[in-house]
Amino acid sequence: MTQDEQKAAVARAALAHVVEGAVLGVGSGSTANLFIDALAPMAGRIRGAVASSTATAARLARNGIAVLDLNEVDDIPVYVDGADEVTETLAMIKGGGGALTREKIVAGVARRFVCIADGSKLVPALGRFPLPVEVIPMARAHVARALVALGGTPRLRAGFVTDNGNQILDVAGLVIADPAALEAEINQIAGVVTVGLFARRGADLLLLGTPDGVRTLGAR
Ligand code: 5RP
């Protein structure tokens with residue numbers, strides 16, 4: 001299977017994890033988009049979906065799926081989303097599409113995170129993909145200096161504004177030996193909204209595309 005075929009295969013495989021009659025959390029990105037399209041025939045069998053971005057909300061609506069406000073929802077059994085990098089312990093880097101803050105919020109509410117990714121996303125250690133960090137614009141230079149002190153090389157994502165009106169620093173060169181510890185450390189820099197490390201709340205299940213089919217990792 002090609003990379004695109006792998007994305008389509010994991011998107012279809014995720015349908016088996018959708019809880020009928022319940023609210024579904026839906027992530028952002030090209031793999032999540034394929035999942036939304038595959039979900040369309042099931043629109044009447046779920047209560048609705050909470051979207052992790054305005055783009056995802058629009059795509060859900062186009063596919064006839066009711067988009068719900070997270071504040072009106074008290075239980076999300078399952079959240080389905082992609083990743084930029086994922087390890088065998090199911091820690092991830094996310095935010096390549098810039099939706100990391102809402103993704104982390106919906107993932108935090110969900111009881112189960114099902115990650116869907118093509119095989120290129122599986123890595124032995126996180127960090128080759130530049131780590132996205134969403135920042136309050138007035139704190140950008142301060143946060144950048146703090147990230148340099150941690151050994152990274154931050155670069156402003158030019159011309160990009162998040163759904164929350166903030167900016168993103170993409171940080172190259174970090175050695176991420178302990179993703180959960182680094183997530184906590186970056187989180188406490190004043191001006192950071194969200195760091196794209198998803199380790200403290202990683203995935204529970206990974207549906208990974210391979211040339212031969214879909215591999216399942218994790219059993220949480
Ligand atoms: C968006 C994300 C995406 O999940 C991540 O970028 C993966 O995208 P794709 O499925 O297009 O490879 O975190 O903020």
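In each ligand, atom 1 is the first atom listed, and ligand 1 is the first ligand listed. Atoms considered below: every heavy atom in the structure, side chains included; atoms not considered: hydrogens, waters and symmetry mates.
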Basic-acidic side-chain contact under 4.0 Å: Arg140, Glu134: no
Return all side-chain donor-acceptor pairs below 3.5 angstrom for residues 169-180, not counting sequence neighbours, or 'none' if the list is empty.
unit_1	atom_1	unit_2	atom_2	d
Asp170	OD1	Arg157	NH2	2.8
Asp170	OD2	Arg157	NE	3.0
Asp178	OD1	Ala180	N	3.4
Asp178	OD1	Ala181	N	3.1

Electrostatic pair Asp84-Lys121, nearest N-O below 4.0 angstrom: no
Intermediate values then yes/no, salt bridge (charged side-chain N to carboxylate O under 4.0 Å, His left out), Asp204 and Arg111: CA-CA 9 Å; Asp204 299 297; Arg111 282 189 269 137; over 6 Å; no
Of all pairs that satisfy ring pair (Phe, Tyr, Trp, His ring centres under 6.0 Å), the ones with a partner from residues 78-134, not counting sequence neighbours: Tyr79-Phe113
Ala43: side chain to side chain contact (heavy atoms under 4.5 Å, CB included) partners, not counting sequence neighbours: Ile65
Neighbouring protein residues of ligand 1 - any heavy atom closer than 4.0 Å: Lys7, Ser28, Gly29, Ser30, Thr31, Asp81, Gly82, Ala83, Asp84, Lys94, Gly95, Gly96, Gly97, Gly98, Ala99, Glu103, Lys121
